[in-house]
Protein chains: 2
Amino acid sequence: MLSKKTKYGLKALTYIAKNEGDNPVQISEISKNENIPQKFLESIMLTLRKSGFLGSKKGKHGGYYLIKEPANIKMADVMRVLEGPIAMVPCVSLNFYEKCDDCPDEHDCSVHKLMIQVRDNTLKVLRNNTLEDLSGS
Amino acid sequence: MLSKKTKYGLKALTYIAKNEGDNPVQISEISKNENIPQKFLESIMLTLRKSGFLGSKKGKHGGYYLIKEPANIKMADVMRVLEGPIAMVPCVSLNFYEKCDDCPDEHDCSVHKLMIQVRDNTLKVLRNNTLEDLSGS
DNA sequence: GTAATTCCTATTAAATCGATAGGATTAATG
DNA sequence: CATTAATCCTATCGATTTAATAGGAATTAC
């Protein structure tokens, strides 16, 4: 299940991509228009800034802006930062690999084989889609 | 993230498919060979029986056996029983649909569009794979 | 009738999630 | 320079979910 954190984060990025002008976009504006609790959104924006997707300007007339072109922001990368691993089990994760406690040999594990296929297909979608695709009409 | 419940359930089904003979397969045997806590597995087997994947025999020399051919047990169906919705958000779920609180119109939601693609690709994999595929060499 | 097994319900401990609290810091503006 | 408006940061809280355990009832083979 997708966490609210990720969902809100994706919506916020989309909102900024659509509404970015000369001034940065403020949390309060996104919060109102997308029905996201403001304080919760605050922490999400912080994460997105610290991970290099957003820049920010403090103080009056401050807010957030995109650092990269929407076409260069892959959903796979955003998801990894907000949601964590894309794979459904750590033992098939490319970026967050971990051995399973219960498997003596993962190459002999039926779940492993299945989850690699799921991961590959999910990755294909998340790599093909950029913020431009999400924010485009 | 795949729950242990689902992971253990899939492993147990695979184990039964591989090792089924004249006698039903016992929880204790699966538990030992697959490193699954026995009492936890017990409740999972119960779920799988109640949802029509397994039959059981009580008492001495009792155990569990498959009700359908492995080739006719789709991973999508098992996953829905053990893990719940396959979709990452309820608003794109085929079997567990729910409207989002925060979306006035889901056809206008960027996350919705993306998650439909993820769902479709995941479903493709989970419908193509049967228990026979998992338990085959 | 005894041992071995599934069946069933309840409970618990830990982790995660969604959200909130409260102020510190920074910048624009008159 | 004071005020206002925004981000920044850390901590915390309550609810839910997850993984696992407990304890016994019911059933069957022998």
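Reminder, nothing fancy here: chain letters follow the sequence lines and each chain counts from 1.
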In whole Å, what is the span from the [atom1] atom of [X] to the [atom2] atom of [N]?
X       : N      : atom1 : atom2 : value
B:Leu82 : D:dA19 : CG    : P     : 12 Å
A:Asn23 : C:dA28 : CG    : C1'   : 12 Å
A:Met45 : D:dA6  : CE    : P     : 14 Å
A:Glu29 : D:dT7  : CD    : P     : 10 Å
B:Ile27 : D:dA20 : CD1   : C1'   : 15 Å
A:Gln38 : D:dA5  : CD    : P     : 13 Å
A:Ile44 : D:dT7  : CD1   : C1'   : 15 Å
A:Glu42 : C:dT26 : CD    : P     : 16 Å

Rounded to the nearest 0.5 Å, what separation is found between the NZ atom of A:Lys39 and the CD1 atom of A:Ile27?
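Here the interatomic distance stands at 9.0 Å.
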Check the phosphate of C:dG18 against A:Tyr8, side-chain N and O only, distance under 4.0 Å to OP1 or OP2. Yes or no?
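No, no such contact exists.
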Which ones in residues 49-69 of chain B lie close to DNA chain D, meaning a heavy atom under 4.0 Å from one of its atoms?
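Residues of residues 49-69 of chain B under 4.0 Å from DNA chain D: B:Lys57, B:Lys58, B:Gly59, B:Lys60, B:His61.
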Report yes or no: is there a donor-acceptor pair, N or O only, under 3.5 Å between the side chain of A:Lys39 and the base of C:dG18?
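No, the side chain and the base share no sub-3.5 Å donor-acceptor pair.
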Could you pick out which residue, B:Val25 or A:Phe40, lies toward the 5' side of DNA chain C when each is mapped onto its nearest nucleotide?
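Final value for this comparison: B:Val25.
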Ion pair B:Lys11/A:Asp102, N-O distance below 4.0 Å:
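So B:Lys11 pairs with A:Asp102 through a salt bridge.
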Please output the side-chain donor-acceptor pairs of residues 40-61 of chain A that fall under 3.5 Å, not counting sequence neighbours, one pair per line with the distance.
{"from": "A:Ser43", "atom 1": "OG", "to": "A:Phe40", "atom 2": "O", "distance (Å)": "2.8"}
{"from": "A:Thr47", "atom 1": "OG1", "to": "A:Ser43", "atom 2": "O", "distance (Å)": "3.1"}
{"from": "A:Ser51", "atom 1": "OG", "to": "A:Thr47", "atom 2": "O", "distance (Å)": "2.7"}
{"from": "A:Ser51", "atom 1": "OG", "to": "A:Leu48", "atom 2": "O", "distance (Å)": "3.4"}

For residues A:Arg119 and A:Leu94, determine if any side-chain heavy atom of one lies less than 4.5 Å from a side-chain heavy atom of the other.
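Yes, their side chains come closer than 4.5 Å.
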When we call it a touch if two heavy atoms are under 4.0 Å apart, what does B:Gln26 touch: a base, just sugar-phosphate, or nothing?
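If one applies the 4.0 Å heavy-atom cut-off, B:Gln26 turns out to touch the sugar-phosphate alone, with no base involved.
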Could you check whether B:Glu98 and B:Ser93, counting side-chain N and O atoms only, form a donor-acceptor pair closer than 3.5 Å?
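There is no such pair (donor and acceptor under 3.5 Å, judged by atom type) between the side chains of B:Ser93 and B:Glu98.
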Does the A:Glu106 side chain pair with the main chain of A:Lys99, one donor and one acceptor, at a distance under 3.5 Å?
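Such a contact is absent between A:Glu106 side chain and A:Lys99 backbone.
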Decide if atom CG of B:Asp105 counts as having more than 12 heavy atoms of other residues, nucleotides or ligands within a radius under 6.0 Å.
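Yes, enclosed.
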Taking atom NZ as the centre, does A:Lys68 end up with more than 12 heavy-atom neighbours from other residues, nucleotides or ligands that are less than 6.0 angstrom away?
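Yes.
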State plainly whether one hydrophobic cluster holds both A:Ile30 and A:Tyr65, where clusters connect Ile, Leu, Val, Met, Phe, Trp and Tyr through side-chain heavy atoms under 4.5 angstrom apart.
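Not linked; separate clusters.
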Taking the minimum atom-to-atom distance to the side chain of A:Lys4, which one of C:dG18, D:dG24, D:dA19 wins?
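Output: C:dG18.
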Could you tell me, to 10°, how much the axis swings from one end of the helix from C:dG1-D:dC30 to C:dG30-D:dC1 to the other, five pairs per end?
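It works out to 10° between the end axes.
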